Amino acid sequence: MKTVTKQLSAFGALLFLVISPVASISGQKRISESQASRTASFKRGALETKISTAKANYAAGETVAISGSGFGKFEQVGFSVERVNAYAPANDLLSTWTVTADENGNISGEWYKAFDAEFLVRAKGLESGVQTETVIAASVTPVLVSGNPSCATLNASSDPAFAHITTDFGLKLDANPATGNYPFTTGGIRSLTGGAPAEPGNSIDYTKIDNNTFSFTSTRSISAVIIKAGSNANVYPYNPATFGDTNLVTAGNNAISHVEFCYGPASASITIIKDAQPNTPQAFSFTASGQVNQNFNLVDNGVVGPDRIVFSNLTGFGAANAVTVTEGASAPYSLTSITCTSNGSGAENNTINVPVRFATVQLEPGEAVVCRFVNSITTAANVSASGRVLTAFGNPISRARVTLQNTATGESRTVYSSSFGHYSFENLPSGEFYVITVSHGRYTFSQSSQIFVLDDAVQNMDFIADYQ
């Protein structure tokens, strides 16, 4: 059991006030999902005192938000956090601090969860003496398994806690391992189990805390850790897989005999890159579906970073787990090409459809696929708009003033009709909205304007003067 002094040193906690005696808990514990966030409340007359956390479960490295009510107006309230230690006569006291209730007796506080375990949070009114508590459950609760289980045992097990384990692969460290770096190869105290292939580029950083506790980080995802000690083993299942955990402990406080790290095939990744030609601050929208389900935007402004997104640690393989990435329309840019290339760890099982703007990628273990979506500016064809200005009797009107305005840009042009009443505007960008207007000093026009979209050359846009 770690002492209070070691815990406070490990977390940098300042001991301001000890609120209440440390509770005694014994026996192996497993917390169900419904028990993940237990709130205890106490009634003081008509007043109910209680505390709770903002969510039921917190991962290591998160800040726990705590709130409470039912204390005295502006009362000083002491908080304490204890690690629940099922194999010791008392819990480990980690941190204490005080807060002041507001005028309605409400309180709030925060505590940093540095490692994964079960914690008991208490709050006690220093004037009223009322006390309440809540539990922060472990994100991963160890499963007690009798005998000498292996990764192959877990893969064959019917226990739903191990349903995510689909291979026999394991890295086993014998002889209560010392702190060190252990590659995924066989040699010394380490051995590959379940037919796992050697991966000399991946390794486990193992930190021994004491004879029954350790932490680890890994360069590849781990789906379970088996800690053998005495006649039983504690198994920590990780779903989704993890790249590390802290303060893993044996069952019954026995010394570690060996540790086995279970893992599946090497994870894969997909990188999506936007290549806009020319570069632009414009955002291009994308939708990913399949085992990746996300909407995102990419910007190719010439800087590496905002132009790409990486989906890593993907463990779904084959057609059933394919990822489809679709780019939205992005005028004035048009999608001109999509290329998807693999790092060589798998086949090029990709489907590309440029007209519909999508790429579908099928992954294989260890594969890294890079898909590049290339866009270029759509160059509109230049077209013309023309017509005549006529009297009500069909005679031409010369020197009529005709003005054309692009509603998108505000740009306008003016021409005058010829002696035969003709006018023309040349080299107009297609696909734009235009307003064309006519005027003359001697004639009036009931319909002096026309609004239109110029998709192609337009002729016979005539204006007819009113009868005089």
Side-chain angles (χ1 to χ4, degrees), residues 140 143 145 149-173 181-187 190-206 216-227 235-245 248 258-272 288-294 309-325 340-351 359-371:
V140 178
V143 179
V145 178
S150 65
C151 298
T153 303
L154 304 186
N155 185 24
S157 172
S158 60
D159 190 327
F162 309 134
H164 65 291
I165 300 174
T166 58
T167 74
D168 297 346
F169 293 177
L171 172 65
K172 184 179 179 183
L173 305 180
N181 179 267
Y182 298 93
F184 283 75
T185 57
T186 295
R190 66 189 187 279
S191 58
L192 295 172
T193 62
E199 298 180 21
N202 288 313
S203 62
I204 293 279
D205 274 320
Y206 183 98
F216 78 94
T217 59
S218 174
T219 60
R220 56 123 58 246
S221 56
I222 300 299
S223 55
V225 177
I226 302 170
I227 312 173
V235 179
Y236 286 80
Y238 299 99
N239 187 18
T242 187
F243 288 85
D245 201 356
L248 285 74
H258 67 256
V259 178
E260 188 171 0
F261 297 89
C262 305
Y263 55 96
S267 61
S269 68
I270 300 175
T271 301
I272 305 299
S289 59
Q291 65 172 311
V292 175
N293 188 8
Q294 182 177 335
I309 188 170
V310 180
F311 301 107
S312 57
N313 305 327
L314 303 179
T315 55
F317 308 113
N321 296 291
V323 176
T324 296
V325 178
C340 292
T341 58
S342 171
N343 63 349
S345 296
E348 297 283 355
N349 296 325
N350 310 312
T351 301
T360 298
V361 178
Q362 295 183 37
L363 294 169
E364 297 181 34
E367 187 176 19
V369 176
V370 177
C371 291

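All residue numbers in this chain count up from 1 along the given sequence. These numbers come from a predicted model, not from an experiment. Side chains included, hydrogens not; waters and symmetry mates left out as well; all remaining heavy atoms used.
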- Message: Does any part of the side chain of L363, heavy atoms only, come nearer than 4.5 Å to the side chain of N321, both counted from C-beta?
- Response: no
- Query: Would a 4.5 Å heavy-atom cut-off, applied to side chains only, mark F261 and Y182 as touching?
  - Reply: no
- Query: Below 4.5 Å, heavy atoms only, C-beta onward: do I309 and Q294 meet side chain to side chain?
  - Reply: yes
- Roughly how far, to the nearest 0.5 Å, is CZ of F216 from OG1 of T242? 5.5 Å
- Which pair of heavy atoms, one from N343 and one from G366, lies closest together, and at what distance? ND2-O, 3.4 Å
- Message: Looking at Q291 and G316, would you say the former's side chain and the latter's main chain have a donor-acceptor pair under 3.5 Å?
- Response: yes
- Query: Which atom pair, heavy atoms only, marks the closest approach of I165 to N155?
  - Reply: O-OD1, 2.9 Å
- Message: If the condition is side chain to side chain donor-acceptor pair (under 3.5 Å), which residues does N181 pass it with, not counting sequence neighbours?
- Response: S203, D205
- Task: Indicate the atoms forming the closest heavy-atom contact of Q362 with A322, along with that distance.
- Result: CG-CB, 4.0 Å
- Message: Applying side chain to side chain donor-acceptor pair (under 3.5 Å), can you list everything that pairs with T219, at least two apart in sequence or on another chain?
- Response: N202
- Interatomic distance, L171 atom CG to S191 atom OG [nearest 0.5 angstrom]: 7.5 Å
- Query: Distance-only, no hydrogens or angles: does the T217 side chain make a donor-acceptor pair with backbone N or O of G244 under 3.5 Å?
  - Reply: no
- Query: What are the two closest non-hydrogen atoms of S157 and D159, and how far apart are they?
  - Reply: OG-N, 3.0 Å
- Message: How long is the straight-line distance from OG1 of T153 back to CG of D168, given to the nearest 0.5 Å?
- Response: 8.5 Å
- Task: List for me each residue that meets side-chain contact (heavy atoms from CB on, under 4.5 Å) alongside S269, sequence neighbours excluded, and say none if there are none.
- Result: S312, A368
- Task: Mind checking side-chain contact (heavy atoms from CB on, under 4.5 Å) for T167 and listing every partner two or more places apart, or none if nothing turns up?
- Result: F169, P265
- Message: Here's a test for you: under side chain to side chain contact (heavy atoms under 4.5 Å, CB included), which of I270, N350, I272, T351 qualifies with C340?
- Response: N350
- Heavy-atom pair with the smallest gap, counting every atom of V361 and C371: CG2-SG, 3.8 Å
- Minimum heavy-atom separation for Y263 to A196, with atom names? OH-CB, 3.2 Å
- Message: Run the ring pair (Phe, Tyr, Trp, His ring centres under 6.0 Å) test against Y238 and tell me which residues pass, sequence neighbours left out.
- Response: none
- Query: How about F184 and P200: do any of their side-chain heavy atoms sit closer than 4.5 Å?
  - Reply: no
- Quick one: are C262 and S223 in side-chain contact, heavy atoms under 4.5 Å? yes
- Task: Working to the nearest 0.5 Å, report the span between OG1 of T271 and CZ of F311.
- Result: 9.5 Å
- Query: Quick one: CD1 on I222 to CG on D245, what's the gap to the nearest 0.5 Å?
  - Reply: 11.5 Å
- Message: With rounding to the nearest 0.5 angstrom, report the CZ to SG distance, F162 to C151.
- Response: 10.5 Å
- Listed partners of P160 passing side-chain contact (heavy atoms from CB on, under 4.5 Å), at least two apart: none
- Query: Ignoring hydrogens and geometry, is there a side-chain-to-backbone donor-acceptor pair from R220 to G264 under 3.5 Å?
  - Reply: yes
